[in-house]
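Report on one structure; see the data block that follows.
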Amino acid sequence: MRTGPPPSFASDSRPLAGSTHTNVQTNMTSTTTSRRAIPRTKSSYAKRDRRLAVILLLPAGITILLVMIIPLGFAFYTSFFNYSLGQEGNMAFVFLDNYVKFFTDPVALRSLLNTVIFTILSLAFCITIGVGISVLLRSLKPRTANVMRAIFAMPVLISPIIVSLIWRYMYDPTYGIVYFVLDHLGLGSFGGLTDSTTALFCIVITDVWHATPFIILVASAGLTVIPEELYEAARLDGASAPRMLFNITLPLMTKVLVVLILIRGTDAFRVFDLIYGLTGGGPANSTTSLSIYAYKQAFENNQMGFAMAASIVTLLCLIILFGPFLRNSAREKDA
Amino acid sequence: MKKKFRPGAIAKWAVLIIFTFWTVVPIAIIIMNSFKKAKDIFTSSPTLFFTPTLDNYVNAFTKADFGLYYLNSTIVAFVSTAVVIIVGTFAAYALTSFQMKGANTIAGGFLVAKLVPVISMLLPLFVIINTIGLRGTLGGPIIAHIALNLPFVVWLMMGFLRDVPTELQQAAMIDGATRMQAFWRVLFPVVLPGIAAAFILSMQYSWNELLFSLQLTDLDTYTLPVGIASFTGSVSVDWGLSSAAATATMVPIIILGFFVQRYIAEGTTGGAVKG
């Protein structure tokens, strides 16, 4: 278990081999010779060493190149063409037409709006509930907390398509437990998944069920690095629980929260499986996300070029929305 | 505990108990449905007591091709995970134990790769895989899952490898071992539990992944999530059968997940937190 402050995203408290900044922790716990790198004796040895490192990295690099970079380049290139599947030899260059079409299509804009609403709502609920539960768990005996956390973590291990199956049953107007409970509370007229005003919210609830455990796992790990003495000192000063939450816990969790917003936010932004399983994008496109929209354009309307443009728009929106968080967490590692 | 804290303690436990119900009830409902006859599933108030039956499981394996999907998913998960573990562990070794310029940047690149929307990768990859004739084979999802899991495994293994004291490797190399000998004799045995955790979590992701498998497979190569999607896609859902399929799919992964869930945080957040 680490004792220092939580290290930042995309870096680690210990310097990687070859990095220039020194690290107090490492230097204090080990002698000067025991840096990460093995001391070089001969330059030919170092050369061989470097070659070996490249060879070890090569398979991973080739995989990322073949399965991510080249396909993304292909998607970008073909988004300027009109073509259908299997007709790649018969592409018509239309330049930006697909993008113009996207931003003038009401359904496309609706799916963009749906995705943004879904992401904001899901993030807000997941982080509030997840961090709240983690803070409560921290106040328990470690043994009890571990058992409860193990139970709470279960949904995150379940396939999203099974999650959508489970909740489709729960939301069933005739047999579902959601209506069973709502009826008893006198709220039986709830539209659920079949009403275009409530369907998206129902999917948010399902996503919160599925993804909050992930927040609990990460936030709990983040909380373990906050020294207990801080709370003891605050308690001696007569600080209330909410004050300790806002003045100790949350400020010290900032980095973890930024990482959570980045990872959970991008995850919510590309939502596909849950919507595919629960509503398929309906009713009346009220739950169509960008991923669902691009998917339908490709595999139902067979407009591959347009679908590529939609998927590139999805990627660009994600970069615009979450780029600042990525920059932020990358910058913190130098601080 | 002082007396004045008690209302807080009651509220705390109330929240935790409600959250336990919120987490467990949906899972319990679907598991119970899988052992119910149709007449017990289709009731307007939930039935807690019923005569259990295995009919739904029998139907899933005989009427539906559930056994085949199970086999397909096992093959895809095992092969893609085996490749990811080998490729990812060596990459993590290169990034942690060698004096390499740009190691930080490369490691960060893996993390950014994880944030790319799946749909942006699927569409072009689908066209490419369709063109080279791999569509409908298990090769499609295997390739896709390798790419999807690689960043996670690299980061998780980097964390484990960094935790091994440098002195161990140095001592072996002073004794005349080469880099790779030092890796196999010294590092590998120490990080073996970490490799096991990475293996299970990578399997879990592959086992659960829908979108790539949905488009890259055909009836003979459906994986479990695609099979389950096909059970529920139609207008009327056979709840008994799909509940049985869902239970048989999720229970093994939940049980395995109990042992490794604390590593999920570390592998996903790029070492920002340690489980």
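Letters A, B, ... are given to chains in the order of the sequence lines, protein chains preceding strands, and every chain is numbered from 1.
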Measure distances from [X] to the heavy atoms of chain B and classify the residue's part below 4.5 Å as side chain, backbone, both or neither.
{"X": "Thr266(A)", "value": "side chain"}
{"X": "Tyr169(A)", "value": "both"}
{"X": "Ile129(A)", "value": "side chain"}
{"X": "Phe76(A)", "value": "neither"}

Looking at [options], which one has more heavy-atom pairs under 4.5 Å with chain A than the rest?
{"options": "Ala113(B), Ser120(B), Gly109(B)", "value": "Ser120(B)"}
{"options": "Thr247(B), Leu211(B), Ile254(B)", "value": "Leu211(B)"}
{"options": "Val118(B), Ile253(B), Thr20(B)", "value": "Thr20(B)"}
{"options": "Gln215(B), Lys114(B), Gln204(B), Met121(B)", "value": "Gln215(B)"}
{"options": "Tyr205(B), Trp13(B), Phe126(B), Trp207(B)", "value": "Phe126(B)"}
{"options": "Val154(B), Asn33(B), Thr89(B), Ile128(B)", "value": "Asn33(B)"}

Fill in: Closest non-hydrogen atom pair between Pro26(B) and Trp167(A), with its separation
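Closest heavy-atom pair between Pro26(B) and Trp167(A): CG-CZ2, 4.1 Å.
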
Worksheet item: What is the minimum heavy-atom distance between Ser97(B) and Gln169(B), and which atoms define it?
Response: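 Of all heavy-atom pairs spanning Ser97(B) and Gln169(B), the closest is OG-NE2, 3.6 Å.
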
Worksheet item: Does some side-chain heavy atom of Met180(B) sit less than 4.5 Å from a side-chain heavy atom of Leu56(A)?
Response: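 Side chain of Leu56(A) against side chain of Met180(B), heavy atoms only: contact under 4.5 Å found.
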
Item to complete: Check the angle between the aromatic planes of Phe19(B) and Trp22(B) and answer parallel, tilted or perpendicular using the 30° and 60° thresholds.
Response: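 Plane angle between 30° and 60°, so tilted.
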
Fill in: Centroid separation Phe183(B) to Phe90(B) less than 6.0 Å
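Yes, close enough.
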
Worksheet item: Is the side chain of Ser206(B) donor-acceptor paired with the backbone N or O of His145(B) at a distance under 3.5 Å, no angle test?
Response: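 No: the side chain of Ser206(B) does not pair with the backbone of His145(B).
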
